[in-house]
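For the numbers below, each heavy atom of this structure counts, side chains included, while hydrogens, waters and symmetry mates do not.
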There are 4 protein chains.
Amino acid sequence: MSAPMSPEAEPARVPEGILVHPTGARSRRVHEAALRATCDLLDEGGLPAVTVDAIAERSGVSKATLYKHWPSKTAVAAEAFGRRMAETVALPDTGTARGDLAEQVRLVSAFYASPAGTVFAQLLAACVSDPGAAPYFRVYFLHGRRVAIGVLWERAVRRGEVDPAIDVETAIDILFGPLVFRLISGHRPLTPEEADAISGAALYGLLRHTSTGAD
Amino acid sequence: MSAPMSPEAEPARVPEGILVHPTGARSRRVHEAALRATCDLLDEGGLPAVTVDAIAERSGVSKATLYKHWPSKTAVAAEAFGRRMAETVALPDTGTARGDLAEQVRLVSAFYASPAGTVFAQLLAACVSDPGAAPYFRVYFLHGRRVAIGVLWERAVRRGEVDPAIDVETAIDILFGPLVFRLISGHRPLTPEEADAISGAALYGLLRHTSTGAD
Amino acid sequence: MSAPMSPEAEPARVPEGILVHPTGARSRRVHEAALRATCDLLDEGGLPAVTVDAIAERSGVSKATLYKHWPSKTAVAAEAFGRRMAETVALPDTGTARGDLAEQVRLVSAFYASPAGTVFAQLLAACVSDPGAAPYFRVYFLHGRRVAIGVLWERAVRRGEVDPAIDVETAIDILFGPLVFRLISGHRPLTPEEADAISGAALYGLLRHTSTGAD
Amino acid sequence: MSAPMSPEAEPARVPEGILVHPTGARSRRVHEAALRATCDLLDEGGLPAVTVDAIAERSGVSKATLYKHWPSKTAVAAEAFGRRMAETVALPDTGTARGDLAEQVRLVSAFYASPAGTVFAQLLAACVSDPGAAPYFRVYFLHGRRVAIGVLWERAVRRGEVDPAIDVETAIDILFGPLVFRLISGHRPLTPEEADAISGAALYGLLRHTSTGAD
DNA sequence: GCTTAACCGAGACGGTACGTCCCGTCTTGTT
DNA sequence: AACAAGACGGGACGTACCGTCTCGGTTAAGC
């Protein structure tokens, strides 16, 4: 809705409108303690290990206070996961849009296949039954990712390598939606080969090319 | 035992390995009663309304029996939902692959945006944390859908309209993965316009086309 | 340990030893505001409606301040209730001790059966698990009542109508203890008829009278 | 098992109407386990030590099950306390009604002044704010006591020692109500001397006796 | 009239217990 | 033998108050 697009943009601007919670020195410390404990729990047992009671016990933050800072445990986990992952964003630069995008699809595919990818899937799934947590996931995780891909796309547009009529949002979803689909439903594996097949087909399109040329 | 999903892929072979449960006349009646009750519950309150206790009470099937037929409530819901939806599959035939596929993306997008689409999202999400239910969802729902799209794709391949080097599985995921992504994360709407933007970009590819023409 | 019985005994003497709190003009205003808010809460929902948070919000007095004036919310409620009820004490004067005491038992029984009687029971009960509040209840409520009955009793003693060997405390407990017992445990109703039965038996004793006359 | 309601009337007749809970061998064992654990907790810390969580942990009975057997923790405590105390009822037999009743008042006064008396007071008080528990307290504790006193009273009536016009319920409340009042409010001590003063005044009445002799 | 110290409001916080929900297992008795 | 009925242990939920503890901001007395 309103999230600023710059890499360093502070969430303090209240993106999505409602991620508000107590402020002040003490509250900030409490907030961080809860996020740190939640990260540990995610590492140890994924999202299922993240229960409100566990966060409270591990962090020393009381349950009532947790509910004053977040609408649900999923929201805490989304913020904790998003904040940590924000550090690990590294964009490829191969010289061509084709190369950059294909590489990025490969990277994201590998990420999804990793343990962190499992957590990503659990969070994504949890947001379906926990609408209050969805904004947290979008703001603290998805948003940063989409911004990063946006940089790649803009670069490609400036170079004239991609179709400028295509919205970046559409492009992102076409490249990564297939990976998400597979991650969630598990109907196909997430291997580098599959990643290349997907990026290849997405970049060049599904329709026959020779038909436009000659033949 | 289970609904045959397509001409060649018979689930009777116990696909995915473990969809077994008691047989016999009495058991069959019990099985159907549970599925019927589950359908009602899905209609009334979506997946959250489907609890083992509710199915048992509504269907007259005891909880112990339910656990002999299915590994979890999500599995029951997946089978119930899949069976019902199997009746409503109708493939477009516009005369061109481009038209058929674009229309199908529009239809699926509309389906996802409907109440049934909400249930679909809930089931998909539930499968993440309930691995035992995932096969049921694939066999009783996804499989039929993919087979149907496969028919469209084969037709297009025979006509020479699509790139035959692209695997049908890849094509399916590129066309519908973006919709699934949006359905789950809610970061973009599922309107007909968006559906067309996606199918357009997917069919023609993200890279600039003029490059193929001249230059 | 117990409250002095004299009519003029002012609470300012700090009976029971520990009913101390900040003084000064500002504090007095705060004190009154809290009592007023507590009275309102008692009217609206009885003692259960009296929570420290509710008093604070309603009165504008902060929780920390409340704890500087009273040891617990029960103490506030006891003082608020006692102060208000102090205005409503009216002693019967029928001409005979028998009539006065019987009428008083009837009046108290009716009071116990009224909404205010419910609050009385709640306060009495609360003092069991909140020893810090008991002095407040005794000083601000019970004391006044016992003093009033003491007036009746003294009058009767002077008239020679009652047994002067019986301590006024004993007499009070025999006349009103039964009512309190019923109020708390609810094993018998608090009707005027029952009140008369109790006062009658208490005044004349349980033993057979004819036996003393004849035999 | 339970306080006899009358020589032969079994509580199974659902006294007070609603003390129902699951039956069957397993349930009976669970019921007993909960009561035993509650007794231990009462011994260790009185009613405040009886929390639903504590009963559950100590007895191995789950919270949900506890709530299927009793409406509240107070009800459990009342039943546990009542059942245990039922064993300790011993009636005096001094030869005269006067002696029997005075002795009984002394005994009850001593009981109230004992640790068990504290628990009694806590239960009585708790029933005020927990109406669902009151029937349990009446059925499992008060009733047995009142029946016992009733035996004393009947004996006295048959002997012609007490006024037959006085209902036994009234007599009981006059003799023991004062003790209960003192126990709860703490305005006077519960010593043997006070007990005798009370029973003396109650048995002979508050009015002057010389009037019956002459005049 | 100006400090300055006591008092206050606002409210966040840790803690304890609550009563509920649903799961998956197990027992009992029936058909 | 398979089933209905349903009790049970377990675990997590979200809420309600409590009593304590910072923070700043007002008084209102004493200098």
Side-chain angles (χ1 to χ4, degrees), chain A residues 21-31 33 48 50-57 59-69 71-73, chain B residues 22-27 29-30 33 48 50-57 59-74 130, chain C residues 21-27 29-30 33 48 50-57 59-69 71-74 130, chain D residues 21-31 33 48 50-57 59-69 71-73:
Chain A
H21 55 78
T23 56
R26 192 179 173 194
S27 295
R28 204 170 314 122
R29 252 171 308 159
V30 159
H31 200 91
V50 177
T51 70
V52 180
D53 287 293
I55 301 173
E57 186 180 359
S59 67
V61 175
S62 79
K63 284 172 67 177
T65 301
L66 290 175
Y67 281 106
K68 276 180 190 150
H69 284 244
S72 71
K73 61 165 189 163
Chain B
T23 57
R26 180 137 78 127
S27 294
R29 249 174 301 145
V30 158
V50 177
T51 69
V52 180
D53 288 288
I55 300 173
E57 185 182 1
S59 67
V61 175
S62 80
K63 287 171 65 177
T65 304
L66 288 174
Y67 281 107
K68 277 180 191 146
H69 284 244
W70 292 276
S72 72
K73 61 160 193 165
T74 313
D130 186 349
Chain C
H21 55 78
T23 57
R26 180 138 77 125
S27 294
R29 250 174 300 146
V30 160
V50 177
T51 70
V52 179
D53 288 288
I55 300 174
E57 187 182 359
S59 66
V61 175
S62 79
K63 287 171 65 177
T65 303
L66 289 175
Y67 281 106
K68 278 179 190 144
H69 284 243
S72 73
K73 61 161 191 163
T74 312
D130 185 350
Chain D
H21 56 78
T23 56
R26 193 178 172 194
S27 295
R28 204 168 315 125
R29 250 170 310 159
V30 159
H31 201 90
V50 177
T51 70
V52 180
D53 287 293
I55 300 174
E57 186 181 359
S59 67
V61 175
S62 78
K63 283 172 68 177
T65 301
L66 289 175
Y67 281 105
K68 276 181 190 148
H69 284 243
S72 71
K73 61 165 190 162

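Separating the CD atom of E57(B) from the P atom of dA7(F) is a distance of 13 Å, rounded to the nearest angstrom. Computed from coordinates, the L66(B) CG to dA5(F) P distance equals 12 Å when rounded to whole Å. Atom pair I55(D):CD1 and dT16(E):P shows a separation of 18 Å (rounding to whole Å applied). In this structure, D53(D) places its CG atom 13 Å from P of dG11(F), rounding to the nearest Å.
Listed pair S72(C) / dG19(F) fails the phosphate criterion, with no side-chain N or O lying under 4.0 Å from OP1 or OP2. The side chain of H69(C) contributes an N or O atom lying less than 4.0 Å from OP1 or OP2 of dC8(E). Put simply, T65(A) has a side-chain N or O that comes within less than 4.0 Å of OP1 or OP2 on dG14(E). Look at K73(B) and you'll find a side-chain N or O under 4.0 angstrom from OP1 or OP2 of dC23(E).
Residue-level contact check: G60(A) touches the backbone only, with heavy atoms under 4.0 Å from sugar-phosphate atoms and none from bases. Looking at heavy-atom distances under 4.0 Å, H21(A) makes no contact with the nucleic acid at all. Within the nucleic acid shown, R29(B) has no heavy atom closer than 4.0 Å to any nucleic acid atom. At a threshold of 4.0 angstrom between heavy atoms, the contacts of A56(C) with the nucleic acid are absent. Residue contacts shown for A64(C) include a base, since a base heavy atom lies under 4.0 Å away.
The listed nucleotides are dA7(F), dT20(F), dT25(E); the one nearest the side chain of Y67(B) is dT25(E). The listed nucleotides are dA16(F), dC8(E), dA12(E); the one nearest the side chain of K68(C) is dC8(E). For P22(A), whose side chain is taken as the heavy atoms from C-beta onward, the closest listed nucleotide among dC13(E), dC3(F), dC8(F) is dC13(E). Ranking dC26(E), dA4(F), dC18(F) by closeness to the K63(C) side chain, first place goes to dC18(F).
Summary of the strand contacts: T51(A) and V52(C) both lie near DNA chain F, and taking for each the nucleotide with the nearest heavy atom, the more 5' one is attributed to T51(A). Each of V50(C) and R26(D) has a nearest nucleotide on DNA chain F; the 5'-most of these lies closest to R26(D). DNA chain E is contacted by both S62(C) and A25(D); S62(C) maps to the nucleotide lying nearer its 5′ end (nearest heavy atom per residue).
Between I55(C) and V50(C) the shortest side-chain heavy-atom distance falls below 4.5 Å. In this structure, the side chains of R28(D) and T23(D) stay at 4.5 Å or more apart for every pair of heavy atoms. Contact of the S27(D) side chain with the H69(D) side chain is registered, since non-hydrogen atoms from C-beta on lie closer than 4.5 Å.
In terms of heavy atoms, A33(D) sits closest to V61(D) at CB-CG2, 4.3 Å. The shortest heavy-atom contact between T74(B) and D130(B) is OG1-OD2, 3.0 Å.
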